[in-house]
Structures are given as C-alpha cells and as structure tokens.
There are 2 protein chains.
Amino acid sequence: MDRRVTKKDDDASGKERPTLKTLAFMTGLGVTTVSRALKDAPEIGAETRRRVQLVAKQIGYRPNRAGVRLRTGKTNVISLVLNTEHELMSFVSDIIYGVTEVIADTPYHLIVTPYSRSQDPLDPVRYLVETGSADGVIISRTQPNDPRARYMLERGIPFATHGRTDMGLVHPYHDFDNYTFAGEAVRYLAGMGHNRLALVTPPVGLTYYGHTVNGFADALSEVGASEVPFNTVSIDQSIEQIRMRTAQLMRRKDRPDGFVSSAAAATLAIVAGIEDAGLKLGRDVDVVSKQSSELLHLFRRELLVVNENFRLAGSELARAVLGWIGGADPGSLQSLSTPSEVLPYRG
Amino acid sequence: MDRRVTKKDDDASGKERPTLKTLAFMTGLGVTTVSRALKDAPEIGAETRRRVQLVAKQIGYRPNRAGVRLRTGKTNVISLVLNTEHELMSFVSDIIYGVTEVIADTPYHLIVTPYSRSQDPLDPVRYLVETGSADGVIISRTQPNDPRARYMLERGIPFATHGRTDMGLVHPYHDFDNYTFAGEAVRYLAGMGHNRLALVTPPVGLTYYGHTVNGFADALSEVGASEVPFNTVSIDQSIEQIRMRTAQLMRRKDRPDGFVSSAAAATLAIVAGIEDAGLKLGRDVDVVSKQSSELLHLFRRELLVVNENFRLAGSELARAVLGWIGGADPGSLQSLSTPSEVLPYRG
DNA sequence: TTGGCAACCTGTAACGTTTCAGTATACTGA
DNA sequence: TCAGTATACTGAAACGTTACAGGTTGCCAA
C-alpha cells in the first residue's frame, strides 16, 4: 500500500513542472521529436509541429535552463560588469533599465557582476569567461588600450563596450560623442563672450577622457579662447575635493570665466566651489555640463546643459551584444550618440 | 592518423575546463569520492580530503553551475525585482551595490528582473518561482497586503522585502523607520517655530506611505502644529507636476511654512515650486527631506536633511535572503534602520 | 519486383553534478 | 576463529536537454 509517486510515472500529474518528457508522453511522441518540433526543425511534419507547440503552450512548458546550459553550453545570460566604488554613478540604474528593456523579449537574463577599486578590472571578466557564466558581456569605463576587450576578443566571447577602444581591433560599442560635446560647449561659452575656459575631465585613462580633452582643445583654438589648466580635478573625485579645488581656482586672479563639466555630480561641486569663492554663476562665470537626468536646471537656472541618455546607451549595448551572439558582424554593431545642443534654462 | 581528441581522453590535457572527472583522473579516485571530498563529507579520509582539495585549488577547479543546478535544483542565484518605470530612483544602484557586496564572497550571482508599470507586479515573481530561476528573491515597493509576499510564502521560496508588510505573516525585511523620520522632521520644524506643515508623501499604497503619514500626524498633534493638506502630490510624480502643484500651493494665503519630503528628487521640485511662487527657502518656509546621497546641501544650504542609506538596505536584504536560504528563522531576519537626526548645513 | 530515396520519427548517449546502494578492507569483541 | 561493524571508497542512475545515428514508412523509377 505504500504507493510512492516515483519520478517515472507522474508525468501526467500536472503538479511538477512540465519537461520534454511530459510533452512526449502527452503527445505520444518521442522526446527528440518534441524537442525538434519546438524549435521548428525542418524534418518534423507540419501538423506534428503545430500539435506539439499547441500542447506546449497549453501546459506552459518552459525549457529548463540548466538542462539547456549543461547540454549546449548556452547560458542565456548577459553580464553587466560594474565598478562599485564610484559613488555618484546614479546613471547605472539607467543603463540597467536600458539593457533590461531590450532583453525583456528574449530568453536572456541579466546578471550584474561587480568589482571594486582594489581589484584588477580584468578579474571579473576572467571569471565570467573561465566559468562560462555568460554568453555575452557588457563593460564600461573603457580604455584606449583595454585589456578586457583584448582578452574577450582572444577568447572569442561576444561583448560590447560602453565607450570606444583604440587598439586597431574591431568590436561592438556604444559611445557618446564627447568630442563634439566638449567642442560645442566651448563654442557656446565663447559665443557668450567667455575666453578663459577650464575643463572638468573624465577620469584620466578612460577613452573618453581623450575625446573630451581633444574636443575641448580643438574648439579652443578654433574660437581663439585659452585654457585655464584644472588638471587636479576629474569627475570621479569626491564632491568635497572638487569643491575645494574649484574654490581655490576661483580665488586666483587668472581664474576661468567658463567651465565645461563632464558629469552632473561634479557640476554640483563646481558650482558650490564657485559660490564658496564668493562668485556668482551666470555673472562671473558660466558652466556647461553634461547631465543624465533633468536635475541641473532645478539646481541652478544659470547652468547650461547637454543631455546624455544612459538608458539609450544600455539598450544599444544590449542590442550590440545580442547581435554579436546572433552572428552579426561586430563591425556593424557600433553606435555613437550625438549630443543635444547646449540648452539654457527655459522657464 | 586522424587522431581526434575525443571528450573521453582529454581529461589530463589541461585545456578544457576541469570537472570532477578531471580531478578523479588526476587523483586516481572515483568521481563520487572527489565530489564528497570537496564538500568535507565525513566519510572521506582526512588525507584524501586534503589531497583532493589541494589538487582542486591548483588546477582551479570550479563546479559547473549548470550541473549542480540540474542535479540539485539549486541555482545559486538571487533575483532583485525592480520596477523600471520610476525614473528618479537613482538609489537603485546603491541597493544593487549593497547586495553585490554581500554576495561577493558567496557562490551567488545577482540577476535583475525588471517589470514595467503596465505589468502586474506579481508577474516577474511568478516567473521566477515557476521557472525555478532563483533561490531567493528581493522585492521592493512593498505593500501592507502584498500579493507577492503572500505568493512566495505559499510557494516556500525565500525572499526579503524592502519595506514591511502588514498581513500577520512573518518574513524577512529591511525597512527604514519612516515613522520616526516624519516625526523627527515635524518636531524639528516645530522647534524652528513652524506650525503649518505639509507632507510630501511616498506613493499611496506602499507600506511606508502609512508609516510616514502616521509619524507625521502623531508628531503634529504632539507639538500642536497643523497639517496643510497636500494630497495631490507624492514622490513618484514627475518633477514638473510636483513643482507646479507646489507653486500653486505656495501662492495660497494658507500656505505651509514647512515641508517634510520623503525623497530628494521630489525635494528639488518642491524647492523649485517654492521659488516659482516668489518665496525664499529658509525665510518663508523650511524643508526637511530624506536623501540618499549628500547632494541636497549643495543644492540649497537652507535644506534640512535626513540620510537614508540604500547601500546598507541592499546589504541587509541580501543578508536576510541568504540567511533564510541557509535555514535561519525568517523572524530573526528583520531589520529596521533608524534615521539620522535632522541635519542642517554645516559649511 | 526491387532498390533507392525522401519524409518523419525514435532511442541512446552525453553534458557535470549528487545521491543511492553498494563493495572492500581492516578492526573489534567474544 | 568469525561475525559484526566502522571506515573509505566506488559505480550507476538521474536531473532535462540536444546531437548523433539510426529506423520505418511509402512512393517512385527501373
């Protein structure tokens, strides 16, 4: 009387999650046939195919990820590799949302792989590749000569970078055109009559540092303005540091009359520093800043902003990796986002 | 001469990723023994155990996640379920970082499962449970009577909620003490001589809406101040809406002389609205606001802030789920974070 | 009639892991 | 001496999937 339900004969019970075996039992077909029917293999009769797919839909069959992964090596996972130590990167959530928007209609899951400042940025990437934990990887904080990109290219794992590299190697990327941004910012400030400009740069070493610096420099000479060196500051420093150094700078006789800032958080600090020095934004000095959400104009109306859409970046990056996984030419999966024009406050 | 490398005999080649079979071959033991030795099973001799573990470390053995998952059902995945439609939730990245901090030393991966406003919030949770995609789940935007919590409790899947429920059911949570926050804010404003206060509430329907409203109301009657109703506004409305409604409110004769705001982004809008109405913060009206990063004092020095640490929330939530997965009593995995005191600007 | 072939379908093995049900050996106590 | 038992190990099976190497029809051309 001890009738235990063994795994063998409860296929039709409907309580357990259905597998191919369940479907095979219900349709009277073999497991192989069912598997093929579900993926529209050509050697399956049209009617059988329909029947299987109907039943599968009815009982809510979903392939077991572990089974597929074990058998095929396909993980259906995209990994977003993030540095967790740069505090004010609120845009991270935008990128994540952008990515999830794109993969929502796919079988892919998004895993977030963190690394901290103390680690080699290559570590998490190496981990992902060695353990085969993802079909595709998205990295940010890209460098001109990026060991992670090189590594993944060698290992043949699809990836996309947020920001370009400069190694003569081709791979998918999405980037914001920071050269144009910095140039437009300079031209705008020059148009307002400013001619002593300071640049708040991206982190030294990242590719877009170079783009920004070049755009700034080229436009400066184009409009005949001069640069007030401000090399001690970059956007991944702390608010306090940026603020203090800005105040120092602004108390000097040869202070700038315009700033170009690569990030909204840094801009808050810059403005605080300007005001610490007893100067007034919009009168003594103007600031053009990138921002990723519409907050800067609430902060100070005098600010001049250029919008960067990180949700878009996330979507483009996801599309790029998926494209590469799907076999597209990596060279065709590169995109560059054009800055909006410089926007003053409009009440 | 067509010596193909078959899977059978390349175990010692060192090129492929090592498996238990590789270890078994190298140590001369059986696969079972190796498996047990690696997890410190008692029936393995001490010396064998050491030997196996040494070799495993040497060749960098890592268990194949798909194999484990298929065999045991254990995914080693925690899922963070997020609403992607609430734009200004920059704190999301803090929560993510908090979670990753805790799971960094574990075999767990973090997957981000999104849902949009149009969907039933139960959908993503149902998906996770039905497909067995995670060992544990973290949800936010918790409601007093939360169908997701009820569902997961029924299905017996470990989870933690950001925010409490009120269903008489016990489960792990982390929450910020918004009752105390609102109360302290009111007392502080009263101490400054304000007695006509408005509350910018959390989204109606979420548990902490109630906490906040109650803390506000109780403290109001305690200090003998009165409420200026501002029910048309809550913090997940758009900046523009909040700003406009605040301006409307502030142009009325019976305008408030103090605000308590539940989120930094909303506070920016409130201040903009106040200024739109031609009034001055710190003279005509004061605002106490929660914030998750140190930005509000840069925005306006007159603001009064209370800090809420979302990175801590993420860590606590991760600890809670892992604890439950590990068999701890869910009732012991609840934590409440106490607000800092109300902080004025200190130059 | 027969051989060939196309169309459809099937069983078996394998991916890497853990669990079950053992086996072999050495030691214990009577 | 011998049963009993503790210790240390092992092979086979199973999780759900896909790839490989067939198998069975039925039809057509020779």
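Naming: A, B, ... by sequence-line order, numbering from 1 per chain.
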What's the CD-C1' distance between A:E43 and D:dA21, to the nearest Å?
13 Å
So what does A:G132 hit on the nucleic acid, given a heavy-atom distance under 4.0 Å: a base, only sugar-phosphate, or nothing?
nothing
Which whole-number value in Å describes the distance from A:R49 CZ to C:dA7 P?
13 Å
Quick check on DNA chain D: between A:T72 and B:I44, whose nearest nucleotide comes earlier from the 5' end?
B:I44
Could you give the CZ-to-C1' distance, from B:R65 to C:dT18, as a whole number of Å?
17 Å
Position toward the 5' end of DNA chain D (nearest nucleotide), B:A46 or B:R71
B:A46
Which atom of A:M167 lies closest to which atom of A:P144, heavy atoms considered:
CG-O, 3.1 Å
Any sub-3.5 Å donor-acceptor pair from A:T75's side-chain atoms to A:D135's backbone N or O?
yes
Are B:E130 and A:R62 ion-paired here, with the side-chain N under 4.0 Å from a carboxylate O?
no
Minimum-distance nucleotide (side-chain atoms of A:L70 versus C:dT17, C:dC15, C:dT10):
C:dC15
If we check side-chain contact (heavy atoms from CB on, under 4.5 Å) with B:I139, which of these qualifies: B:L82, B:D146, B:N83?
B:D146
Checking A:R319 side chain against A:L333 main chain: does a donor-acceptor pair fall under 3.5 Å?
no
Should we say atom CD of A:E47 is surrounded by more than 12 heavy atoms from elsewhere, each under 6.0 Å from it?
no
Proximity to DNA chain D (any heavy atom under 4.0 Å), residues of residues 30-39 of chain A only
A:V31, A:T32, A:S35, A:R36, A:K39
Hey, does the side chain of A:T48 come within less than 4.0 Å of C:dC9's phosphate (OP1/OP2), counting only N and O?
yes
Checking all strands, does B:L20 fall into the base, sugar-phosphate, or nothing category for heavy-atom contacts under 4.0 angstrom?
base
